[in-house]
Amino acid sequence: MSSSSSPGFGLNAPQYAAVKYMDGPCLVLAGAGSGKTRVITQKIAHLIEDCGYEPRHIAALTFTNKAATEMQERIAKLLKEPKQAKHITVSTFHSLGVKILRQEARELGLKDRFSIMDSDDCFSIVQDLAITTDKQLIRRIQTAMSLWKNGLVDPEQAIKQAVTEDEAQAARIYRSYVATLAAYQAVDFDDLIRLPVELFRSNEAVRDKWQRRLRYLLVDEYQDTNTCQYELVKLMVTGIGKKPMFTAVGDDDQAIYAWRGATIENLKTLQVDFPDLKVIKLEQNYRSSTRILQAANAVIGNNPKLFEKSLWSEHGLGDPIKVMAMADDEQEAEQVAIMLSAHRFERRAKFSDYAILYRGNHQARIFEKALRRERIPYVMSGGQSFFDKAEIKDIISYLRLIANSDDDPAFIRAITTPRRGVGQATLEVLGTVAGQWQCSLFEAVFKGGIEAKLTDRQLYPLREFCNFINQLEARASRVGPAGSGENAAAVLDDMMKEINYEHYLYDCFDDRQAQGKWQNTLDFTNWLKDKGNGGKDGAGEEKNLLELTQMVALMSMLEGRDEEPDAVRMSTLHASKGLEYPHVFLIGVEEGILPHKGDPDAPIETIAARIEEERRLMYVGITRAQRSLHVSWCKKRKRAGDSVHCDMSRFIKEMRLDEGDAVPKEEEQITPQNRLASLKALLQKPRAA
DNA sequence: TACCCGGCTCACGAA
DNA sequence: GAGCCGGGTA
């Protein structure tokens with residue numbers, strides 16, 4: 001890597017300054033591709049090897065499991081003693097939250113076997129509370145509640161602040177929702193951060209304990225933190241007579257998570273809360289060619305600036321950026337597939353050098369078809385998570401129920417899947433009884449008086465199911481780090497055999513589907529067993545079934561342990577952040593898609609704010625590319641059956657490409673007829689410089 | 001009454 | 001392509 005000055009560690013001057021700065025809080029404004037992960041990992045090595053920090057006293061927080069895993073690996077490679085890396089807390093905000101909650105559950109009146117509800121569970125809870133089937137409305141309430149939680153607004157405040165009747169209704173549901181989760185001994189994703197914040201605020205001793213445990217904090221993607229996460233950071237680093245020690249790394253131009261409560265205000269607030277904050281800017285980009293950077297700078301230049309920052313690169317001008325106007329989405333997919341093929345051939349590149357990036361997951365489907373037709377291997381990232389598949393959630397519901405019998409949503413799912421003679425009517429009676437006794441459904445099965453309300457035929461399968469779960473629970477409890485005989489794998493295997501899930505799948509689905517689903521469950525259970533043993537290399541800690549269950553709730557995808565196949569990457573723009581590819585195709589760059597059209601009747605300032613966030617999304621997309629960038633848009637697009645007219649996105653104009661780059665030349669498009677000829681022509685052409 | 005099928009509509013992002 | 005609803009059927 002070329003750099004004008006190389007003061008040490010192979011870093012440039014500002015990177016070096018960021019790594020060495022140990023006098024107090026530090027904010028690193030790291031432009032796209034400016035080597036921010038390098039700064040974090042080098043700084044951790046510096047803390048351990050030069051500053052005398054013990055690995056277990058250092059915590060690095062990220063937003064995704066993938067980023068955390070990758071960071072840990074990179075740190076291990078840097079350290080003279082790689083083994084030390086596993087003692088560093090490198091985790092997502094949410095995993096750290098689980099860790100704190102599990103240890104401090106009692107302080108919060110929560111059992112340590114609390115369940116973690118996913119958004120589907122929360123959806124059904126809201127559905128029950130709101131007594132409505134209007135999905136849109138439920139979603140809106142869910143979103144409102146999530147934003148309240150992330151903004152540290154409690155139900156009473158929300159009720160007081162409500163202006164419209166809708167808000168008031170949502171706030172009342174919020175209040176019952178919080179109570180419902182408490183009754184289930186469950187927390188949702190937002191609680192994983194919010195509850196530790198409440199705990200640290202109210203309990204000096206606990207806070208002090210964690211402060212002594214995690215003495216230096218590093219925060220990645222700081223621009224994506226929400227109010228609650230920032231509060232957690234603050235509570236962890238500030239104490240009486242203590243110098244706040246942390247490094248936050250972020251880029252305001254890449255803030256793309258406002259919709260889940262993130263606020264770039266946190267960047268400004270940092271300077272207010274920590275007046276001696278040292279701000280260091282990383283402006284040298286090591287990733288992209290100059291043309292790509294110019295386009296990126298031009299686009300983002302249309303946003304108001306929080307911090308003045310301009311990216312530059314020592315790389316050459318590079319390939320011109322190609323903008324392609326397509327007749328429709330069908331043609332777009334086909335052309336991109338063909339062009340990618342030809343481009344790869346011309347450059348002698350690998351498939352894995354390419355990424356196709358898009359705004360929404362549904363845009364991927366048509367490209368999958370086209371890529372398959374062209375026999376181009378691809379892998380998807382983002383999109384529906386492995387853990388969101390129904391068959392996986394079925395199995396997880398059993399695990400959740402074993403860990404926490406108060407978990408009513410898990411109880412309902414497990415007892416009805418596979419069907420075991422418990423139907424709606426039985427569950428309704430059970431629900432009424434549970435309501436009367438103020439206890440969980442599971443407990444209600446054994447409450448006196450229930451015999452009178454249910455027939456023997458109804459009661460028998462209930463009791464049998466609960467006994468079955470109790471047995472598993474008893475066995476699972478014996479499993480632990482101590483490893484006293486029984487292991488999690490055996491319990492899991494017996495459970496799978498007992499519920500005869502494979503049989504159920506073949507009963508309910510056609511053979512092909514069932515086979516796929518069964519394979520998924522096998523992949524899942526094998527992965528679980530592997531994790532329980534401390535991972536493939538046995539490097540991780542052994543985990544019991546409870547820990548596994550709580551971990552699984554936070555997973556978004558199987559960690560890509562396997563060798564990366566040579567395949568084109570397909571990803572949403574959101575999921576592409578932090579990654580880079582030699583060649584990028586940015587597709588569907590149309591008004592309404594990127595920028596995405598939102599509520600037409602939203603207040604004007606939020607519309608402006610939304611466009612700015614969409615622009616940052618475009619910026620993220622452009623800056624993923626190292627050497628070449630293709631941008632495409634469609635004049636027509638199939639939507640709800642019929643074709644609708646589309647306009648080129650304003651962001652394409654904002655790239656301010658030279659005339660030669662911007663004019664789409666349709667006559668140059670590759671058709672099946674001229675395809676062979678163009679390939680031949682490519683073969684004869686000398687390789688591009 | 002319960003279930004199944006077909007047509008219709010609709011789609012942002014994720015721990 | 002999926003989920004929802006309405007209508008038709010066992």
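All chains are named by letter (A, B, ...) in the order of the sequence lines, taking the proteins before the strands, and each is independently numbered beginning at 1.
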Using atom [atom1] of [X] as one end and atom [atom2] of [N] as the other, report the distance to the nearest whole Å.
X	N	atom1	atom2	result
A:Tyr619	B:dG13	OH	P	23 Å
A:Met117	B:dA14	CE	P	23 Å
A:Arg139	C:dG3	CZ	C1'	11 Å
A:His574	B:dA11	NE2	P	18 Å
A:Ile116	B:dA14	CD1	C1'	16 Å
A:Phe93	B:dA14	CZ	P	19 Å
A:Lys135	B:dC12	NZ	P	11 Å
A:Ile611	B:dG13	CD1	C1'	15 Å

>> Consider side-chain hydrogen bond (donor to acceptor under 3.5 Å, both in side chains). Of A:Asp190, A:Asp188, A:Asp154, which one does A:Lys149 pass it with?
In response: A:Asp188

> Which residue, A:Arg365 or A:Ser146, contacts DNA chain B at a nucleotide closer to its 5' end, judged by nearest heavy atom?
Replying inline: A:Arg365

OP1 or OP2 of [N] less than 4.0 angstrom from a side-chain nitrogen or oxygen of [X], does that happen here?
X	N	result
A:Lys597	B:dC12	no
A:Asn65	B:dA14	no
A:Asn361	B:dG13	yes

>> Just so I know, are the side chains of A:Leu371 and A:Met570 near enough to count as touching, which here means a heavy-atom distance under 4.5 Å?
In response: yes

Quick one: are the ring centres of [X] and [Y] less than 6.0 Å apart?
X	Y	value
A:His574	A:Trp259	yes
A:Phe651	A:Trp633	no
A:Phe93	A:Phe63	yes

> Where along residues 258-267 of chain A does a heavy atom come under 4.0 Å from DNA chain B, residue by residue in number order?
Replying inline: A:Trp259, A:Arg260

>> If you apply the rule side-chain hydrogen bond (donor to acceptor under 3.5 Å, both in side chains), what do you find for A:Gln185 with A:Asn404, and how did you get there?
In response: CA-CA 8 Å; A:Gln185 288 285 303; A:Asn404 170 20; over 6 Å; no

> Closest to the A:Ser119 side chain: B:dA14, B:dA15, B:dC12?
Replying inline: B:dA15

> Counting side-chain heavy atoms from C-beta on, which of B:dA14, B:dA11, B:dA15 comes nearest to A:His94?
Replying inline: B:dA15

>> Checking the side chain of A:Ser146 only, and the main-chain atoms of A:Thr143 only, is there a donor and an acceptor separated by less than 3.5 Å?
In response: no

>> Heavy atoms only, 4.0 Å cut-off, all strands: where does A:Phe63 land among base, sugar-phosphate and nothing?
In response: sugar-phosphate

